[in-house]
Each structure stands twice: as structure tokens, then as C-alpha cells.
Amino acid sequence: MEYTNLYINGAWVEGADKVRFDVTNPATEEVLTSVASAEITDADAALDAAEAAMALWSAQTPRHRSEVLRKAWELMTARLPEFAHLITLENGKGRADAMGEATYAAEFFRWFAEEAVRADGMITHAPASGARIIVQHKPAGIGVLITPWNYPAAMGTRKIAPALAAGCAVIIKPASETPLTMLALMPLLEEAGVPKGLVNVLPSRRTGALVDHMLHDPRVRVVSFTGSTAVGRKLLKSAADRVLKPAMELGGNAPLIVFEDADLDVAVEGAMLAKMRNLGEACTAANRIYVHADVAEAFTSKFSAAMGALKMGDGTDPSVDVGPLVNADTRDKVAAFVNDAVAKGAKVELGGTAPNGIGYFYPPTVLSNVPETADCVADEIFGPVAAIQTFTDQDDVIRRANDTEYGLVAYVFSQDMKRAMQVCERLDYGMVGLNRGLVSDPAAPFGGTKQSGLGREGGHEGMLEFMETQYISASW
Ligand code: NAP
């Protein structure tokens with residue numbers, strides 16, 4: 001592993017206290033390497049670097065920023081297998097998932113290269129005074145970016161690319177389980193023409209204190225976080241002290257509804273994608289699967305067959321579909337959800353027992369008859385476990401789907417488009433997959449309602465998270 005130190009002002013440094021922490025391969029439980037852990041003085045150095053770099057970068061033309069981002073896309077696209085391999089090593093996910101993530105991650109550079117030149121404003125007449133109303137968008141300031149372990153590349157590029165497109169500098173704090181991919185991206189950004197100090201990476205085991213310190217520095221104006229709702233709440237409280245601009249991509253508890261008129265093959269394919277992409281370790285993962293009673297048996301049998309055909313093993317083996325979960329805690333939490341549901345009356349259709357031996361593996365599992373009282377109905381499973389319930393009434397299933405503090409994404413399968421659109425509009429979710437098990441797209445505004453977050457990433461909205469709107473009232 002070549003890049004294991006802090007990346008500050010374009011240089012690789014060991015950190016003020018020279019403390020390091022281990023990064024483990026979840027398939028083998030072996031230590032891959034150790035990574036430098038940032039302290040407060042390192043954060044101050046990164047802030048100084050970001051301040052200096054942003055002064056120059058924000059003065060560059062949008063076209064220049066666009067071309068640097070475009071180059072980053074080209075370079076990353078040429079090295080997808082290398083990034084995918086690193087993602088698999090530190091996160092565990094299988095080859096196909098890792099390649100999918102690397103491709104998705106690179107696409108944010110291309111998309112925001114295209115958006116960098118489209119920070120459109122507006123000019124109009126004030127209705128009463130006749131003065132001109134001029135509206136423009138300006139870079140908001142330095143962004144502190146905090147990312148989770150489930151997408152070590154994409155959750156970073158989804159924030160870095162729009163920030164750079166907007167003209168901002170950033171400091172990124174990757175998850176401690178998976179800091180290597182983000183560090184490995186930095187030489188590529190340098191090669192693309194990103195100036196030193198514009199993007200800084202600070203892995204740290206003193207996460208809370210480090211982030212809190214940065215959020216209280218007057219030069220920071222944006223805090224962009226992807227992770228759990230519990231940590232998001234803490235960051236919002238911290239951000240309130242200096243009234244920072246927050247972008248929060250938090251937890252989910254996605255319902256997936258299969259109506260009796262759905263094309264069952266499409267529904268099974270969509271459910272496989274919505275459940276098993278990233279082994280279920282995704283905020284978008286279908287957490288509650290509601291199937292109309294008339295088709296429940298047929299759906300469950302086809303879906304279980306598809307789940308049963310997946311091969312589990314070390315993700316570096318290209319024939320493997322399902323790698324290990326990221327760590328022992330995550331695996332044990334998944335096992336506890338299954339045991340709780342079974343104790344409360346759920347039936348195990350497939351899987352349901354963690355294998356003995358090395359690696360944090362949990363097999364693809366299908367539970368039917370899951371009672372409303374099961375813990376996995378209220379909480380994110382974050383693993384390869386499909387929890388199936390049945391329904392007979394449309395209003396009832398919409399009520400049950402909306403009965404959660406989360407509102408990130410829902411999935412609907414029906415061939416009756418009138419009914420399907422009516423249902424989509426009544427779902428209190430930021431995103432809906434209609435006859436599709438995948439909604440993530442760099443060109444679309446990703447984000448949730450309720451306690452799933454604030455703000456949107458991707459689409460046109462993603463860049464505005466790093467910009468302030470300024471209005472000038474003018475007469476001439
Ligand atoms: P997490 O525990 O919230 O950690 C996410 C990040 O926050 C990590 O970098 C972590 O650093 C950091 N962190 C932890 N405590 C902190 C604190 N007190 N102050 C500042 N930063 C802190 O989440 P996770 O377990 O990595 O990821 C899983 C969660 O992310 C799930 O709930 C999932 O739904 C959500 N997620 C949401 C989206 C979305 O777009 N909505 C996408 C992906 C994942 P350390 O690693 O050093 O602890």
C-alpha cells in the first residue's frame with residue numbers, strides 16, 4: 001500500500017503525533033496496512049492549505065475547473081480495476097460491486113465537469129420598484145466532508161466533484177474502516193491538475209474531536225456528511241454553533257412494494273438489485289419487502305432461487321458475488337436481526353446462519369412472514385437479509401411503508417402506471433424506484449426526507465450545496 005499517510009497541502013505527512021491505526025481485510029481478518037491518524041494540529045494545517053488553495057481556485061474560470069474535473073474522470077476511468085481491487089480489499093465487497101462503485105464514483109467527476117459551467121443565475125425586474133434583481137451563485141467556502149465505509153470511493157467523489165466545480169476547497173475525513181481508496185485517489189487528482197491544498201484527506205481515530213474542531217473554524221462554511229442518522233444529528237448540533245451550511249445524507253429504511261399486477265421477473269430482478277447491491281450495506285437497500293398476498297408465494301420462491309444462486313467468498317475471487325460484511329460488529333448485528341425476527345415468528349426460506357471460520361461472512365438470507373414487531377422492520381439491516389411481509393390493501397401498504405422516521409428511497413413494482421404513479425406520489429420519500437431496483441445516478445438529485453437527511457447530492461442540486469446565492473438589487 002503506497003498511500004497511507006495524511007494528505008495535506010499536496011504532501012504526504014505522518015501527522016503531528018505520528019499515531020497510526022490498522023486497516024483490516026474483512027475477508028481474511030488480516031491487517032492490510034496502518035494509516036496515519038490526524039490530530040488537531042493536522043486539521044489546522046489542512047485548513048491553512050485549503051484557505052490558500054481556495055483563494056486561487058475560486059478565481060479560476062468555470063471552464064478551467066470543468067476541464068480539471070473532466071481529466072479526473074478520464075484518469076479514474078482508465079484505472080477502474082485498480083480502484084475496484086482496493087475497494088474490495090478494505091471493504092470486502094465483491095468484484096462486480098466494486099467495479100460498479102468505481103465506475104459510479106468516476107462519473108461524479110464527469111457530471112460535475114459538465115455542471116461547473118452551468119452555475120446559472122438570473123436577472124429580472126422587481127415588480128414594484130423596477131430595479132433589477134440580479135441573482136448569482138458564489139462558492140460557499142471551505143467544505144468539511146465526512147464519509148462512510150460502505151462506498152469508500154463514491155461517497156467521497158459525490159462530494160469532492162461538486163465542491164470543486166463550485167470553486168470550493170475541501171478537507172475529507174474518510175471512514176476509519178476504509179481510508180485507503182480515498183488516499184489512493186489523491187495522486188490521480190494531482191495528475192488531473194487539482195492544485196495542492198484544494199483537496200486534503202485526514203483519516204483519524206480521533207474523529208469526533210477532529211471534526212468538531214474543524215466545524216468551529218471560521219473558515220469552514222459547509223459540512224457535508226454521509227453516514228448514520230445518529231452521527232448526523234451530532235454534526236447538525238455542532239454545525240449550529242457557527243450556522244454552517246449542512247448537507248446530510250443519512251440512514252434509510254427502504255420499503256419495496258410488489259403489487260399483484262407486477263411483472264414478477266422484473267420485480268425479482270429489481271428486488272435483487274435493491275437488496276443485494278453492495279451486499280445490502282447500502283442506505284438505499286430494500287429493508288422491508290411488501291408483497292401482495294396473491295403473488296407472495298410465487299415471488300418468494302423466485303426471489304429465494306435467485307438469492308440461493310449467489311456465490312459467497314473472498315471478493316478478490318472474480319467468481320464471487322457476495323463478499324464479507326465490513327467488520328464483526330456489522331455481521332453480528334445482521335445475525336441478531338435474523339434471530340430476533342425468527343424468534344418472533346418469521347420463517348427462514350434461505351440462509352440464516354453465519355458460517356464458522358475466518359472472515360465476517362453472512363449468507364444471502366430470505367425471511368418470509370416477518371412480523372411488524374421484528375427489529376429489522378424499524379431499523380436498517382445493512383446486510384444480505386431480505387425481510388418479506390405481505391399485504392392485501394393499497395392504502396394499508398402505503399401507510400406501513402411511510403411508518404418510519406426515514407424517507408430516503410422506496411421501490412414500487414406494478415404494471416398499472418396510473419396506480420403506480422399515484423402510489424409513488426403518496427410515498428414520503430426523497431426518491432422512488434418505479435419498476436427499478438436502482439435509483440443512484442450522478443445526474444439525479446440523491447437525498448431523503450425526514451430523518452434521512454437534508455440537501456441533495458448529484459444532479460444540478462449537488463453543486464448548489466457548495467454555493468451561496470447572492471442577490472444584487474441594482475438600478476442603472
Ligand atoms: P457512521 O458511523 O455514521 O460513520 C460515518 C462517518 O462519520 C465515518 O467517517 C465516521 O468516522 C464519522 N463519525 C463517526 N462519529 C463521528 C462524530 N462523532 N463526529 C464526526 N464524525 C463521526 O456511519 P457508517 O457506519 O460508516 O455508515 C453506515 C450509515 O451510513 C448507514 O446508516 C447508512 O444508511 C448511511 N449511509 C447513507 C447514505 C446516504 O446517501 N444517505 C449513503 C451511504 C451510507 P469513523 O469511521 O472514524 O468512526
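None of these values were measured; they are calculated from a predicted model. Computation of the quantities below employed the complete heavy-atom set of this structure, encompassing side-chain atoms and omitting hydrogens, waters and symmetry-equivalent molecules. Atoms within a ligand are numbered from 1 in the order they appear, just like the ligands themselves.
The two residues I87 and A153 make their nearest non-hydrogen contact at CD1-CB, 4.0 Å. W73 approaches A106 most closely through the heavy-atom pair CD1-O, 3.2 Å.
Taking distance alone, with nitrogen or oxygen atoms compared against 3.5 Å, Y151 stays at or beyond that limit from ligand 1. By the 3.5 Å distance cut-off applied to N or O atoms, K173 is counted among the residues near ligand 1. Of the N or O atoms in G208, none lie within a sub-3.5 Å distance of an N or O in ligand 1. Checking only distances, T147 does come within under 3.5 Å of ligand 1, N or O to N or O.
The closest non-hydrogen atom to atom 24 (P) of ligand 1, taken over F446, W149, F382, comes from W149. Nearest-heavy-atom check against atom 15 (N) of ligand 1 across V231, V409, T284, I172 picks out V231. Closest heavy-atom approach to atom 40 (O) of ligand 1 among the candidates R158, M155, E177: R158.
Between T365 and P384, the closest side-chain pair of non-hydrogen atoms is not below 4.5 Å.
Within the cation-pi definition used here (under 6.0 Å to the ring centroid, within 45° of the axis), K93 qualifies as a partner of Y151.
In this structure, M248 has no heavy atom closer than 4.0 Å to ligand 1. Ligand 1 has at least one atom lying under 4.0 Å from a heavy atom of R205.
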Side-chain donor-acceptor pairs of residues 370-382 under 3.5 Å, sequence neighbours excluded:
unit_1: E372; atom_1: OE2; unit_2: R400; atom_2: NE; d: 2.8
unit_1: E372; atom_1: OE2; unit_2: R400; atom_2: NH2; d: 3.3
unit_1: D375; atom_1: OD1; unit_2: K344; atom_2: NZ; d: 3.3
unit_1: E380; atom_1: OE2; unit_2: G252; atom_2: N; d: 3.3

